[in-house]
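Below are the structure tokens for one structure; questions will follow.
Chain naming here is simple, since letters A, B, ... match the order of the sequence lines and numbering starts at 1 in each.
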Amino acid sequence: MDRLPNTDEEAAAELAELASRIAHHNRLYHAEDAPEISDAEYDALVRRNNAIEAAFPHLVRADSPSVQVGAAPAGHLSKVAHAQPMMSLENAFSDEEVVEFVARIRRFLSLGEDDAVALTAEPKIDGLSCSLRYEKGRLVRALTRGDGRIGEDVTANVRTIADIPDQLPEDAFGTPDVFEVRGEIYMAKADFLRLNERLLREAEDAGNADKARQFANPRNAAAGSLRQKDAAVTATRPLRFLAWGWGELVGAEVEETQAGRIGRIAKGFPVSELFAGPFDVTAALDHYRRIEAERADLPFDIDGVVYKVDRLDWQQRLGSVAKAPRWALAHKFPAEKAQTTLNAIDIQVGRTGKLTPVARLEPVTVGGVVVTNATLHNADEIARLGVHPGDRVVIQRAGDVIPQIVENLSRDDGREPWPFPDKCPECGSDAVAEEGEVDIRCTGGLICPAQRVERLRHFVSRGALDIDGMGGTTVESFFRDGLLHSPADIFRLHTKRDEILARERWAETSVDNLLSAIEQRRAPDPARFLFGLGIRHIGSVTARDLLRAFGTVERLAEVASKAADDAEARGEIEAVDGVGPVVAQALVDFFAEQHNREAWDDLLSEVSPPPLAEEVRDSEVSGLTVVFTGSLETLSRDEAKAQAESLGARVSGSVSAKTGLVVAGPGAGSKLKKASELGIRVVDEAEWARIVQSAT
DNA sequence: GTGCCTCGAGTTCT
DNA sequence: CTCGAGGCAC
């Protein structure tokens with residue numbers, strides 16, 4: 001590193017420059033774009049900044065990056081890509097599934113009768129996964145799991161956690177170039193209770209006990225505490241850490257087993273006392289039961305047991321499927337259940353007119369959160385459960401989140417089934433099920449205020465026009481107060497500036513921001529625009545496929561109108577990939593409807609979606625059909641597909657004589673075999689990245 | 001006609 | 001995230 005500045009002037013000037021450069025790179029991370037510089041270079045900037053600040057403490061700027069590390073502009077944390085993705089785990093809910101997991105591994109590795117698959121087993125702590133990156137033994141960055149590929153930078157906050165050392169102990173680790181330790185940040189149950197008491201006391205002292213912000217459960221408390229903007233607040237929160245794995249390793253000593261490497265990590269980090277193995281399946285399941293028995297007495301919340309294949313070379317060979325490794329499994333404890341009273345069954349009307357019954361429940365805590373609503377899906381589900389308002393029901397949170405009613409304790413088949421309405425509760429129109437369908441829909445169409453508001457919400461939603469400052473709640477309240485009736489009205493809101501200003505919580509700046517965000521959408525992406533219209537069966541993917549075929553929304557409308565009585569036009573629509581008779585009919589119906597035509601013309605008098613312009617770069621795969629197979633490690637399927645399309649290639653799911661290139665990741669099977677039989681070029685993910693890079 | 005696979009739609013809570 | 005329906009390949 002360069003020498004430090006000698007004078008205040010030099011130091012101040014360099015700090016100013018560093019502040020602006022670091023802020024610039026933070027913005028790039030935040031925008032989720034490919035950063036311009038590597039993590040190491042970024043860290044060098046931050047370290048340089050900190051070194052100068054240490055020498056010239058009186059010059060620390062108000063906007064200093066050291067104050068803001070981990071805190072990007074709007075109070076959000078900056079986003080950084082993981083060096084190696086943090087995968088999630090496949091779940092199992094029964095012993096049989098665990099046995100099948102091992103059998104699958106045996107098949108995959110073609111093991112003989114005598115080869116035993118040894119597993120480790122450890123409790124799965126209910127906290128936040130976090131990856132700690134040590135370079136040359138020093139902690140340089142801590143990221144949350146995020147979506148697995150990109151996490152949130154919580155370095156400054158993590159430095160306040162006592163369980164996490166700043167420096168890897170050299171006697172156990174040496175000084176590897178890169179050593180990423182992964183584990184769980186959590187809050188112990190007792191600490192959680194004390195924290196809530198403290199928060200309540202502090203609120204009382206401040207004279208607003210009723211506004212005390214307490215946490216619902218230890219997991220939320222840990223998440224809320226870690227993701228603080230101000231690391232000083234995190235420092236006052238009792239966070240803890242348990243290591244369970246690792247990420248990128250460069251220049252580190254290599255072990256042969258999971259247990260071996262965890263053993264070494266344990267020399268620098270807390271590791272669960274219940275980590276055990278290697279086991280055969282029977283012993284692993286015994287360990288599961290032991291942990292389950294101790295569950296209530298453990299100092300922290302757990303939601304299952306994780307098994308991992310002990311041999312690291314086997315882990316390597318097994319690779320991963322989609323987002324989860326094949327060599328690990330989370331054996332979950334049975335979902336927590338609770339009893340409560342079904343107070344009422346309300347009917348919600350969705351944007352397609354679907355009537356969805358919702359159970360309003362007497363609030364009850366299940367799995368750490370208070371549940372008050374649960375969907376009942378449709379009339380069939382109500383009949384299956386035989387529920388009526390006033391019944392006692394059993395609910396559970398399935399698949400970790402969404403509450404569902406699993407049993408009706410007051411079931412009495414002598415009763416008439418709950419009368420599902422045959423009129424829309426919002427507009428009074430007939431509500432009927434279409435031939436062969438379970439769902440009951442309001443026939444009111446645009447007469448129905450619920451449908452109108454839901455369609456407007458959909459129009460501005462993130463996958464559609466995505467207008468900043470115009471969320472679902474805003475749309476709803478504007479609609480209710482008559483500022484908006486149809487999508488086109490959004491683009492006429494500028495004539496109602498004073499009315500909006502008169503509303504609560506709308507000041508000059510926010511109104512101006514909203515209006516300018518709306519102006520930015522006068523020429524919306526045509527595929528998002530089409531998707532936003534909410535035509536049945538036309539989701540985001542089909543909308544884009546249609547525009548690829550027709551170029552502009554005007555041309556699509558023309559063909560769809562003609563197709564009502566022109567077989568040739570209909571054929572043109574059905575020729576689009578992924579569009580069959582049902583989707584084509586939905587499109588035709590939409591344009592045949594008078595209201596829709598009027599709304600369409602009105603809307604197009606305000607906005608002009610340009611022709612679909614997909615930048616197609618020339619590359620060695622232009623015009624070819626590409627097939628992705630096996631697991632992709634640095635890309636999601638969607639991204640890979642988007643990349644291929646941006647290179648003018650088509651993407652297909654199966655290998656045939658028409659395939660031009662196969663991109664195979666680990667675990668590729670039959671498709672890879674077929675490709676080699678047909679003599680098709682096969683490349684790995686790294687080679688694919690090169691092809692994408694070299695496109696012009 | 002049968003069986004994947006993909007896409008659309010609806011949903012809970014913080 | 002999960003379910004069901006639509007599309008398409010075999």
Side-chain angles (χ1 to χ4, degrees), chain A residues 88 90-91 128 147 213-227 322-324 335 346-361 363-378 380-381 384 395-405 433-441 450-451 454-455 457-458 461 463-464 472 527 530-546 573-587 627-629 637-638 641 651-659 670-671 674:
Chain A
S88 48
E90 197 194 327
N91 291 326
L128 292 91
D147 65 3
R213 215 182 91 66
Q214 292 190 307
F215 291 105
N217 55 52
R219 210 201 91 85
N220 287 355
S225 300
L226 183 67
R227 300 178 72 256
K323 285 180 176 164
D346 285 354
I347 299 286
Q348 275 176 6
V349 183
R351 86 178 147 86
T352 60
K354 186 191 162 190
L355 268 48
T356 306
V358 186
R360 305 291 178 199
L361 305 165
V364 63
T365 305
V366 196
V369 300
V370 178
V371 171
T372 52
N373 300 318
T375 178
L376 285 164
H377 296 112
N378 51 45
D380 274 11
E381 177 78 355
R384 190 178 69 79
I395 63 168
Q396 72 175 20
R397 294 209 311 148
D400 279 345
V401 253
I402 297 175
Q404 53 182 204
I405 297 181
E434 274 170 46
E435 179 87 16
E437 286 212 348
V438 176
D439 293 343
I440 293 177
R441 305 194 121 85
Q451 286 191 55
E454 290 306 317
R455 287 196 205 185
R457 269 175 191 266
H458 175 69
S461 70
L530 176 63
F531 169 60
L533 295 175
I535 302 171
R536 264 189 94 188
H537 299 123
I538 313 285
S540 54
V541 174
T542 309
R544 202 157 285 277
D545 287 345
L546 284 165
I573 298 173
E574 289 187 21
V576 175
D577 220 24
V579 176
V582 176
V583 178
Q585 189 60 44
L587 206 54
V627 174
F628 292 92
T629 181
R637 292 251 143 194
D638 284 349
K641 184 164 186 245
V651 176
S652 155
S654 55
V655 176
S656 71
K658 291 182 204 156
T659 308
S670 61
K671 288 182 207 169
K674 190 160 178 193

query: Of the non-hydrogen atoms in Ala374(A) and Pro403(A), which two are nearest, and what is the gap between them?
result: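 Ala374(A) and Pro403(A) have their closest heavy atoms at CB-O, 3.9 Å.
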task: Report the nucleotide, chosen from dT12(B), dG10(B), dC8(C), that has the shortest atom-to-atom distance to any side-chain atom of Asp577(A).
output: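 When the side chain of Asp577(A) is considered, dC8(C) is the closest of dT12(B), dG10(B), dC8(C).
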query: Can you tell me if the side-chain N/O atoms of Asn373(A) get under 4.0 Å from OP1 or OP2 in dC13(B)?
result: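 For Asn373(A), the contact criterion (side-chain N or O under 4.0 Å from OP1 or OP2 of dC13(B)) is met.
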query: To the nearest angstrom, how far is Leu376(A) atom CG from dT11(B) atom C1'?
result: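 My rounded result for the distance is 12 Å.
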query: In whole angstroms, how far is the P atom of dC13(B) from the CG atom of Asn220(A)?
result: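 Distance check: Asn220(A) CG to dC13(B) P gives 13 Å.
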query: Over how many whole Å does the gap from Glu381(A) atom CD to dG10(B) atom P extend?
result: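 So the CD-P distance, Glu381(A) to dG10(B), works out to 17 Å.
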message: At 4.0 Å (heavy atoms only), tell me whether Gly580(A) reaches a base, stays on the sugar-phosphate, or touches nothing.
response: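 The residue Gly580(A) makes sugar-phosphate contact but no base contact.
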task: Report the distance from atom CZ of Arg441(A) to atom P of dA9(B), rounded to the nearest whole Å.
output: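 Rounded to whole Å, this separation is 9 Å.
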- prompt: Where do Val349(A) and Ala450(A) come nearest, in terms of heavy atoms and distance?
  reply: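 For Val349(A) and Ala450(A), the tightest heavy-atom pair comes out as CB-CB, 3.7 Å.
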message: Checking contacts here: which listed nucleotide (dT11(B), dG10(B), dC7(B)) is nearest the side-chain heavy atoms of Thr542(A)?
response: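 Closest of the options to the side chain of Thr542(A): dC7(B).
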- prompt: Considering heavy-atom distances to DNA chain B, does Val370(A) or Pro357(A) have its closest nucleotide positioned more toward the 5' end?
  reply: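 Upstream on the strand: Pro357(A).
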Nearest-angstrom distance from the residue atom CG of Leu546(A) to P of dG7(C):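 Nearest whole value for this atom pair: 12 Å.
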- prompt: Can you find a side chain N or O atom of Gln404(A) that sits less than 4.0 Å from OP1 or OP2 on dT2(C)?
  reply: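 Answer no for this pair, as no side-chain N or O of Gln404(A) is under 4.0 Å from OP1 or OP2.
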- request: Measure the distance from CD1 on Ile405(A) to C1' on dT12(B) and round it to the nearest whole Å.
  value: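 Whole-Å distance recorded here is 13 Å.
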- prompt: Which nucleotide in the list dG7(C), dG6(C), dG10(B) gets nearest to the side chain of Thr356(A)?
  reply: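 Selected nucleotide: dG10(B).
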query: At their closest point, which heavy atom of Glu381(A) faces which heavy atom of Leu376(A), and how far apart are they?
result: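 Looks like CB-O, 2.9 Å.
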task: Would you kindly give the CZ-to-C1' distance between Arg351(A) and dT11(B), to the nearest whole Å?
output: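 Checked: the CZ to C1' distance equals 13 Å.
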- request: Find the distance His458(A):NE2 to dT11(B):C1' and express it as a whole number of Å.
  value: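 One finds 16 Å between C1' of dT11(B) and NE2 of His458(A), rounded.
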- prompt: Does Ser540(A) place a side-chain N or O at less than 4.0 Å from the phosphate oxygens OP1/OP2 of dC7(B)?
  reply: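 Checking Ser540(A) against dC7(B): no side-chain N or O falls below 4.0 Å of OP1 or OP2.
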message: What I want to check is whether the side chains of Arg441(A) and Thr352(A) have a donor and an acceptor closer together than 3.5 Å.
response: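 The answer is yes; a qualifying pair exists.
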field: Closest contact, heavy atoms only, Ala586(A) versus Arg536(A)
entry: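 Here Ala586(A) and Arg536(A) meet closest at CB-O, 3.3 Å.
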- prompt: For dG8(B), does either OP1 or OP2 sit under 4.0 Å from a side-chain N or O belonging to Arg536(A)?
  reply: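 Negative; the distance criterion is not met.
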- request: Tell me whether the OP1 or OP2 atom of dT12(B) has a side-chain N or O from Thr372(A) closer than 4.0 Å.
  value: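 Indeed not, no polar side-chain atom of Thr372(A) lies that close.
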